[in-house]
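Here's the structure, in structure tokens; my notes come after.
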Amino acid sequence: MTQLFFLLPSSPMAASSVFLHPSTNVRGLSLVDKHKLPFKHFDKQVKSPLMLLNSPFHLRLTPLITRPNGFTNSRSTSLFSRTTRTLLKCSSSDGVSSESQNPFLKPFEFVSFDSLQGTLSRITPFDVVKWSGVLSISIAATKWTLNLFFNPFFWMYFSWTWLFWPWVAAITMAAYGLYCLRKHLNGEANIFEQLAVVTSLFTWLTLVPPAHFNGFLEGWPLVFFFVYHYFFFFNVSIRKRLYGDYFVRPHDPKWDVNMPNLSRLLFFVGVMAGHWFAAFEGPELHQIPGGWNNVGIWILIVLTLLTHYNSSLYLANYSEKVVVPTAVVQFGPYRWVRHPIYASTMLLLATYCAALRAPVSLLFTVAVCSLYYGQKAKAEEALMVETFGEGYVEYANKVRYKFIPFVY
């Protein structure tokens, strides 16, 4: 018959020594036939990291399980040694990780588990349904957009988008241009907003009319879109060259010769109408001849740019702050006409109509510019006579033409 017994201490003092000195070998539960039944669960508890950290290591490295003959269980000893080394490595790695934080966890260092738990606890079933619907609609819209974007028929064969999208872009640009124009009139527009005003205006002058009447864009409208920008920024480039920025310097306001608002509005409407008439009158863009037939158009463009640039440069050299003249300019283009800047502007608008093969629109545009610039030149000449007296009168008698040499 198998008999089980505990190897207990023989006295209370011995019992207290067992609990006070953990290094005492516990023989455990033994059988009569000298087979050993170890306390495995008790063994795991004794070798826990808590006991290793709360007591000296030399007291915890004693094997806890021994054979009845007093020899150490080599298997238990090796297992305990491996466990001890693992715990030491973990403790050293924890020290290193506390000193150097993981960079991937830096965005979440202010996120606590309690705040996350509180946020999740406040989510209602209605919120789940709402955000699930938003996510589903977003995924469906993205998928539809990508399929439409990569569909060949979207870019070819008279898709409805060719008629819809350009108008949306043009109207949006016009609205933003009007907003920037209001800021410019109040003196609050920056360089980008001033550029937006000019770009929106040139878009509706050179691109929108032929795109509307032809259904597409090619050739001269695209060329003149950039030529208009280059032409009307000559004065700004001269300010940059002389003063280092693009802004008008403070000056005597009497030199800001402006026509009444009604005259300026009628001039703007007339120029816009001339460009639309030219797009309507001229042939389709693909029927406009190319090659050597357009040499005259390129010559007119170069002549327009050179006239405007030289006129602005000579006027700036004999002016204060590029606005107030200090002498009567009689050099360069001013030897041929008294107002070469206005003449170059009229020539540019006429060249656009000529490029689109629209002679009636050309005559209409020239007439509108002649009426407006004629009134403005008259007011400026009166101011020049008031300032320079006989000097300007002699110049006006010498150069009899205002805009067009030998004509007007």
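Counting heavy atoms from C-beta on, the side chains of Asp127 and Lys130 come closer than 4.5 Å. Taking 4.5 Å as the limit, every side-chain heavy atom of Glu284 sits out of range of all side-chain heavy atoms of Phe213. Taking the side chain as every heavy atom from C-beta outward, Trp276 and Trp204 approach each other to under 4.5 Å. With contacts defined as side-chain heavy-atom distances shorter than 4.5 Å, the pair Pro283/Ile288 qualifies. For the pair Glu390 and Val385, the minimum side-chain heavy-atom distance is 4.5 Å or more. Put simply, the side chain of Leu305 does not reach to within 4.5 Å of the side chain of Leu348, judged on heavy atoms. Contact check for Phe267 versus Ser263: no side-chain heavy atoms found under the 4.5 Å cut-off. In this structure, the side chains of Ser138 and Val134 come closer than 4.5 Å at one or more pairs of heavy atoms.
Nearest heavy-atom pair, Ile341 versus Ser344, reported as atom, atom and distance to 0.1 Å: O-OG, 2.7 Å. Listed here is the closest heavy atom pair of Leu285 and Leu217: CD1-CA, 4.1 Å. Of all heavy-atom pairs spanning Met173 and Ser200, the tightest one is O-CB, 3.4 Å. Of all non-hydrogen atoms in Thr365 and Gly274, the two that sit nearest each other are OG1-CA, 3.6 Å. In terms of heavy-atom proximity, Lys376 sits nearest to Val257 at CE-O, 3.2 Å. Shortest non-hydrogen contact noted between Phe233 and Val198 is CE1-CG1, 3.9 Å.
Atom OH of Tyr176 has more than 12 heavy atoms from other residues, nucleotides or ligands within 6.0 Å. No more than 12 heavy atoms of other residues, nucleotides or ligands sit less than 6.0 Å from atom CZ of Phe280. In the displayed structure, Phe277 atom CZ is contacted under 6.0 Å by at most 12 heavy atoms of other residues, nucleotides or ligands. Within 6.0 Å of CZ in Arg264 there are more than 12 heavy atoms belonging to other residues, nucleotides or ligands. Other residues, nucleotides and ligands contribute over 12 non-hydrogen atoms within 6.0 Å of the CZ atom of Phe232.
For Thr307 (side chain) and Thr304 (main-chain N/O), no donor-acceptor pair under 3.5 Å exists by modelled atom type. No donor-acceptor distance shorter than 3.5 angstrom exists from the side chain of Arg400 to the backbone of Lys398, with no hydrogens or angles considered. A donor-acceptor distance shorter than 3.5 angstrom exists from the side chain of Glu281 to the backbone of Ser361, with no hydrogens or angles considered. Between the side chain of Glu193 and the main chain of Asn190, a donor-acceptor pair closer than 3.5 Å is present. A donor-acceptor pair is defined here as one N or O able to donate and one able to accept, closer than 3.5 Å; such a pair exists between the side chain of Asn293 and the backbone of Gly290. Between the side chain of Thr387 and the main chain of Met384, no donor-acceptor pair closer than 3.5 Å is present. A donor-acceptor pair is defined here as one N or O able to donate and one able to accept, closer than 3.5 Å; no such pair exists between the side chain of Asn310 and the backbone of Gly332. Listed for the Trp220 side chain is no donor-acceptor partner under 3.5 Å among the backbone atoms of Tyr352. A donor-acceptor contact shorter than 3.5 Å is absent between the side chain of Asn294 and the backbone of Ala355. Arg335 places no side-chain N or O within donor-acceptor distance of the main-chain N or O of Gln330, the cut-off being under 3.5 Å.
Rounded to the nearest 0.5 Å, atoms CG (Asn397) and CD (Glu394) are 8.0 Å apart. Taking CG from Leu356 and CG from Asn214, the interatomic distance works out to 8.5 Å, rounded to the nearest 0.5 Å. Rounding to the nearest 0.5 Å gives a distance of 9.5 Å between SG of Cys180 and CG of Leu195. In this structure, CZ on Phe388 lies 6.5 Å from OG1 on Thr326, to the nearest 0.5 angstrom. Taken from CZ in Phe224 to OG1 in Thr351, the straight-line distance is 5.5 Å, to the nearest 0.5 Å. Between the OH atom of Tyr314 and the OH atom of Tyr334 there is a distance of 11.0 Å, given to the nearest 0.5 Å.
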Show your working on side chain to side chain contact (heavy atoms under 4.5 Å, CB included) between Trp298 and Val295 and close with a plain yes or no.
CA-CA 5 Å; Trp298 285 110; Val295 173; 5.8 Å; no
Which is it for Phe231 and Tyr228 under the ring pair (Phe, Tyr, Trp, His ring centres under 6.0 Å) test, yes or no, and what are the steps along the way?
CA-CA 5 Å; Phe231 179 87; Tyr228 276 30; 7.7 Å; no
Please test Val366 against Phe403 for side chain to side chain contact (heavy atoms under 4.5 Å, CB included), starting from the C-alpha separation and ending with a verdict.
CA-CA 11 Å; Val366 170; Phe403 307 121; over 6 Å; no
Please assess Tyr342 against Glu380 for the test side-chain hydrogen bond (donor to acceptor under 3.5 Å, both in side chains), listing each intermediate value before the final yes or no.
CA-CA 12 Å; Tyr342 297 154; Glu380 290 179 353; 2.6 Å; yes
Worked verdict on His275 versus Leu349 for side chain to side chain contact (heavy atoms under 4.5 Å, CB included):
CA-CA 8 Å; His275 283 73; Leu349 302 181; 3.7 Å; yes
Residues Met259, Tyr372; criterion side chain to side chain contact (heavy atoms under 4.5 Å, CB included); working and verdict:
CA-CA 9 Å; Met259 302 304 295; Tyr372 179 77; 3.7 Å; yes
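Between the side chains of Thr199 and His229, at least one donor N or O sits under 3.5 Å from an acceptor N or O.
Taking the six-membered ring for Trp and the full ring otherwise, His339 and Tyr373 have centroids separated by 6.0 Å or more. Aromatic pair Phe202/Phe225: ring centres not closer than 6.0 Å.
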